[in-house]
Number of protein chains: 2
Amino acid sequence: MKLRRMHSDSPAFLAELDALLAFDNGTDASVDAAVTEVLAAVRQRGDAAVLDYTRRFDRLDVGSMAGLEMSRDALHAALDGLPADQRSALDCAAERVRSYHEKQLLESWSYTEQSGTRLGQKVTALDRAGLYVPGGKASYPSSVLMNAIPAKVAGVRELIMVTPTPAGEKNPLVLAAAAIAGVDRVFTIGGAQAVAALAYGTESIPQVDKIVGPGNAYVAEAKRRVFGTVGIDMVAGPSEVLIISDGTGNPDWVAMDLFAQAEHDEVAQSILLCTSASFIEEVADSIARLLPDMPRKDIIAASLANRGALIKVASLDEACEIANRIAPEHLELAIEHAEPWVEKIRHAGAIFVGHSSVESLGDYCAGPNHVLPTMRSARFSSPLGVYDFQKRTSIIHMSSRGAAELAPVAATLAYGEGLQAHAKSAEYRK
Amino acid sequence: MKLRRMHSDSPAFLAELDALLAFDNGTDASVDAAVTEVLAAVRQRGDAAVLDYTRRFDRLDVGSMAGLEMSRDALHAALDGLPADQRSALDCAAERVRSYHEKQLLESWSYTEQSGTRLGQKVTALDRAGLYVPGGKASYPSSVLMNAIPAKVAGVRELIMVTPTPAGEKNPLVLAAAAIAGVDRVFTIGGAQAVAALAYGTESIPQVDKIVGPGNAYVAEAKRRVFGTVGIDMVAGPSEVLIISDGTGNPDWVAMDLFAQAEHDEVAQSILLCTSASFIEEVADSIARLLPDMPRKDIIAASLANRGALIKVASLDEACEIANRIAPEHLELAIEHAEPWVEKIRHAGAIFVGHSSVESLGDYCAGPNHVLPTMRSARFSSPLGVYDFQKRTSIIHMSSRGAAELAPVAATLAYGEGLQAHAKSAEYRK
């Protein structure tokens, strides 16, 4: 496998870097048309449409929606059926994720001014959230924990999970994770029809306030389209890792960390920025040596060839500047004394500090969320968190003295904007 | 004018209420096509396309982009040219808005576990934000303050304002507000071309990380389309007020507060929920008496007729439940002892507590933001705030002991998901 080499001192470097990062995350016209039809059908015909599409797309033929809901007992049976090591690993991960996320809880606040006016911000949880969990190869129990636990920590009253079970095939790890995370209801539906059911509500499925969780192109497009009717999390692009290395540490570790990203799929992105040309060669040798033994070697090789790169940089300062330009989803600082470099990073989803801090620990059990901004959106967005399931309401409690003092200010500005009723309604409070 | 009356004890009430709230915020095909063309042209041709569209749509013919940028001196000249009362009203509003928003600043945090592992969340500001300010009738200096001040409080390094000046006509209040709020650069461009320039960058206009601010259908659609490349604030629907009254207070005040919402435009929504049938009649009388003197009486009458309602409810408890269903942008509690009712409200953009707390004070100078979630989106979203210009990065600094302890957990879960490189990369840290 020929891995792309780049050098930051090349005159074309920034153009090459931008080309490497570019990824078309748009949807095609056939997805668009299919989603339009499904959304309209579920909105109009409710359960009947959901049953039809589930029969057609998931080869699952049940007489009524009751046949598509899983009981809490079934979830707990899946949990009880797990091998002991998987059960305790899930418990440990859930406990650490919960503990980290509890620190994210927003609190209401208010303050009282001299006039007696009280101003504040009230924080409340969403009433009801929907969690999409893909079926098939992208069905990850860890994602159930990462999406469900923040919602429950926030205080969401009802958390509804949807997950397709094509031909009735269920993933016991996913169901066990739902039990551990405290998911309230589970429907075995998927695709755009599941998103539509959550967004609009049907006779059997209550309307939610926000839909989170990853999905295929149909799910992503459906989420994009129902945004406004309900909240959504980000529409994610391919997963990415950027590793900054000072040439210390074990090249096998760096190679395997690049593999761990690349094994997700053929468009995942693994990039190394390194100050040492010789260490880059050692990593390349490790890649060549380790790759043949990887069960997912074809996906890894395709991903590295398509979108990977080993980049020689002049200094760690330059590497941090490049990292800020990339705004990677995952950033590993594979640096001997890594801590001081954290403050140079302005844009990243998560920063893994030092040789022991590997992304795969973060993916499962370090505690922070593994749902992170992709495709440079760490410039303006955050990891999924408790704050995504809370919202704020402004509180304005004017004293009569406070209102009288501010009325002329508001009236002056309102007249300036030509809004006389605004002005009058303020002036009444003088 | 015939104002819609409703009664919560009618069997059809909830269906009528849903019909009253329904509003199609979709875009039509011609807007869609125009925006597609403009986005592509600006992306490909940069400044040249911006100059072309500005010539065509804003009848503003300048030779180069320099002719479309306003200097800081020009902004300060606008400020210095204001009448004293407008100047001091803007200063007072800006000071109060700044002071409230400073309380919203998020702080970084971290904690260290027994193993020496440190986990945390680092908060940083966006590098650069864009602020869209409409021209013409919807050009509000108060909106400049409400959008720009949170960005500056957050620590955004560069705040770029765009505002169309058709045929060169400028609004001195808007420019003065930009000067007070500390806007860094101002371009006199508008429409989808301005959104495209901010989202993609051109030779003269730097790419921003997020675009905020209201606009017409073209601007809204352009924002929707560039979302992902940059962050955006919400796409706003018509403005709304819901007033809950216990029959106390002055019916003229209630009528004028309904007018203040209705005068925005013909699709704005003003609704009264009241426990007293006789007070509803008094409000109706006040409306009939006060309306003819309002300069914007035609807009007010159209808005009230289209989308307004006076609704008799059985109790304040019921009114709060209805309010939670509506999730109004603005909620006034026109109740004698209003404070205890605040806790019954789960979903609203802003709550104005008691007879002195009128929305128009909040629109201009109470301190909280006037950019609020519309169309029931207060169920899942928040007022614009400092937090919209900050984002979080997870920090994972594993000690070697911590990594060794968690490696088997991560590996077990990774093998369970079929991700062997994830497992190996964790196991290396044992």
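Lettering of chains follows the sequences in order, A, B, ..., and the numbering in each one begins at 1. These numbers come from a predicted model, not from an experiment.
For a residue to count as touching a neighbouring chain, one of its non-hydrogen atoms must lie under 4.5 Å from one of that chain's; by this rule B:C92 touches chain A with the side chain only. B:S88 does not touch chain A: none of its heavy atoms, backbone or side chain, sits under 4.5 Å away. Both the backbone and the side chain of A:I351 come within less than 4.5 Å of a heavy atom in chain B. With a threshold of 4.5 angstrom between heavy atoms, A:W109 approaches chain B through side-chain atoms but not through N, CA, C or O. The contact between A:Q207 and chain B is made entirely by side chain atoms (from C-beta outward), counting heavy-atom distances below 4.5 Å. When heavy atoms are compared at a cutoff of 4.5 Å, B:L290 approaches chain A solely by way of its side chain, counted from C-beta outward. For B:R376, the part lying near chain A is the side chain, with the backbone staying farther off; criterion is any non-hydrogen pair under 4.5 Å. Residue B:L173 touches chain A through its side chain alone, counting heavy-atom pairs closer than 4.5 Å. Both the backbone and the side chain of B:S400 come within contact range of chain A, judged by heavy atoms closer than 4.5 Å. Contacts of A:S360 with chain B are made by both backbone and side-chain atoms, with heavy-atom separations under 4.5 Å. In this structure, chain A has heavy atoms under 4.5 Å from both the backbone and the side chain of B:V342. Looking at B:R128, neither its backbone nor its side chain comes within 4.5 Å of chain A, counting heavy atoms on both sides. Neither the backbone nor the side chain of B:T374 comes within contact range of chain A, judged by heavy atoms closer than 4.5 Å. Residue B:V174 does not touch chain A at all, counting heavy-atom pairs closer than 4.5 Å. Only the side chain of A:Y387 comes within contact range of chain B, judged by heavy atoms closer than 4.5 Å. Using a 4.5 Å cut-off between heavy atoms, A:T393 contacts chain B through both its backbone and its side chain. Of the two parts of A:V208, only the backbone, made up of N, CA, C and O, holds a non-hydrogen atom closer than 4.5 Å to a non-hydrogen atom of chain B. Interface residue B:D257: backbone and side-chain heavy atoms are both found under 4.5 Å from chain A.
Note: B:Y111 and A:Y100 have tilted aromatic rings, judged against thresholds of 30 and 60 degrees for the angle between ring planes.
Of all heavy-atom pairs between B:A93 and A:L413, the closest is CB-CD1, 3.9 Å. Heavy-atom minimum distance, B:G416 versus A:Q86: CA-NE2, 3.9 Å. Closest heavy-atom contact between A:F380 and B:K391: C-CG, 3.8 Å.
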Inset, instruction - Take B:D209 and A:H347, measure what side-chain hydrogen bond (donor to acceptor under 3.5 Å, both in side chains) needs, and give me the verdict at the end. - result: CA-CA 11 Å; B:D209 301 305; A:H347 311 304; 5.4 Å; no

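A donor atom on one side chain and an acceptor atom on the other are found under 3.5 Å apart for A:S142 and B:E417.
Around NZ of B:K122, the count of heavy atoms belonging to other residues, nucleotides or ligands within 6.0 Å exceeds 12.
A donor-acceptor contact shorter than 3.5 Å is absent between the side chain of A:Q420 and the backbone of B:P295. When atom types are taken as modelled, the side chain of B:R379 and the backbone of A:T229 share a donor-acceptor pair closer than 3.5 angstrom.
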